[in-house]
Amino acid sequence: MKNFDNDSIILEHLADENEKYLHAVVPPVYLTSLHVFDTAEEYLHFDSEKEDAYIYGRERNPTVYLAEQKIAALERGKKALIFASGMAAASSAVMATCHTGSHVICMNNAYGPLRNFLQSFCTEKLGMSVTFVRGTDISEYEQAIRPETSLIVLESPSTFAFSVTDLRKVAALAKQHGIYTYLDNTYCTPIFQKPLEFGIDIVMHTLSKYMGGHSDIIGGVLVSNDLELAKELEHTIRPLYGGIMGPMEAWLVIRGLRTLSVRVHAHQQTALKVAEFLEQHPKIKCVRYPGLASHPQHDLIASQQTGSTGLMTFDINGNKEDAVKVVNRLQYFKIGCSWGGFESLAIPVGYNASPEELDFMGISEQTIRIHCGLEECSLLIQDLEQALAVLS
Ligand SMILES: *Cc1c(COP(=O)(O)O)cnc(C)c1O
């Protein structure tokens, strides 16, 4: 009997069902848009609510479903649903939990395009409203709750300020008031944080980052233990908005998941050494990395995360032009906005922001964000050292 409570067994074996596919060790990709029936009666009596039953690819696909089973098990959730992008998943979660007039509480540091979606589309077209909170103190959520609050949007750790939210406390508060909680768990991956176990209702990941892991796909997923909500997402929201992922990308998700645990542990090992190197460097003002012992929320982090991955921000002693100089001098860190793949990346994230935006996000004009990839750690540290040497 295989132990499907174990993350490595889930990644390497759950739902692979080799006997179903001529004992191929890798299940095939089902590049098909529809499924045909032996008789008209079977077609007419098709039960779309039955698990593992297929009729048309905008509703379900066997390769997508295989990836969903692995991700649901990894998050200790009952149901996962995969979408064509992280934003398709995020906006679908809002559509499934809110209605005209709903109020949403959203962390300042939630993913930018999701904040945009709430502030522009939802506010202007659906008559919804949003309250932003810094989100590190439970009283901020308490004070923001209104009778019409439907959803609390969280990201922990956030991927600029790297602050964390007490997930158990926010989940308990939301339950008391009948409010859904949504958490973007992309940074930790389910390997290092399992928010459903803390009472969070919906966990979201972009599959474009660590879950895919190779910077070759765009995708997103929602995981929940609330089967009513999952049904609404699977049978109403996803097929009507048409946002399911294609089978080829889903096959690449499965391939990425095989090495997820190994990769995030490697990213963590490198990132911790890089963060410790930067922290003691004379040209560095501060480092924001959840794995550092000096993180101001260290105890809370230890109580809800079992690790941290490869992304961090740091402030140099200098201005935003100096930040640009440092980024331009890097050899192994490529310049680009995403993260979670094999490659190291760097960007001057504070450069284009106004003072109000910088304050809102909890960073500075001279903040640099780096992703530590899978290159050898000592080379990345040497690279940062020579790039920081431009700061005289
Ligand atoms: C990239 C990202 C998203 C959006 O995912 P897409 O697949 O690009 O739509 C959401 N949340 C976080 C934290 C991200 O980094």
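Below, each value reflects all heavy atoms present in this structure, side chains not excepted, and no hydrogens, waters or symmetry copies. Every number for a ligand or one of its atoms is a count from 1 in the order of the listing.
- Between Phe121 and Phe117, the angle of the ring planes stays under 30°, which puts this pair in the parallel group of the 30/60° scheme.
- Distances between N or O atoms of Thr206 and those of ligand 1 include at least one value under 3.5 Å.
- Side chain of Gln305 to backbone of Cys188: no donor-acceptor contact under 3.5 angstrom is found.
- Aromatic ring pairs are classed by plane angle as parallel below 30°, tilted from 30° to 60° and perpendicular above 60°; the pair His371 and Trp339 is tilted.
- Residue contact check: Trp339 has heavy atoms under 4.0 Å from atoms 15 (O) of ligand 1.
- Distances below 4.0 Å separate heavy atoms of Asp184 from the following atoms of ligand 1: 10 (C), 11 (N), 12 (C), 13 (C).
- Looking at Arg369, its side chain does come within 3.5 Å of a backbone N or O of Thr159 through a donor-acceptor pair.
- At the top of the distance list for atom 4 (C) of ligand 1, counting protein heavy atoms only, stands Tyr111 CE2, 3.3 Å.
- Each of the following atoms of ligand 1 lies closer than 4.0 Å to a heavy atom of Gly219: 7 (O).
- In terms of protein heavy atoms, atom 6 (P) of ligand 1 is closest to Gly86 N, 3.3 Å.
- Between Met87 and ligand 1, at least one pair of N/O atoms sits closer than 3.5 Å.
- The Ser85 neighbourhood of ligand 1 comprises atoms 7 (O), 9 (O), with distances under 4.0 Å to a heavy atom of that residue.
- Residues that satisfy the side-chain hydrogen bond (donor to acceptor under 3.5 Å, both in side chains) test with Asp7, not counting sequence neighbours, are Arg76, Lys194.
- Ligand 1 lies out of reach of His205, whose nearest heavy atom is not under 4.0 Å from it.
- Some N or O of Ser208 is nearer than 3.5 Å to an N or O of ligand 1, by distance alone.
- Here Tyr187 has no heavy atoms under 4.0 Å from ligand 1, in either its backbone or its side chain.
- Side chain of Arg329 to main chain of Gln386: a donor-acceptor pair is present (N/O by atom type, distance under 3.5 Å, no hydrogens or angles).
- Under the salt bridge (charged side-chain N to carboxylate O under 4.0 Å, His left out) criterion, no residue pair touches residues 342-358, with sequence neighbours excluded.
- Minimum interatomic distance between Gly291 and Leu272 (heavy atoms only, all atoms of both residues): O-CD1, 3.6 Å.
- Scanning the protein heavy atoms around atom 1 (C) of ligand 1, the nearest turns out to be Lys209 NZ, 1.6 Å.
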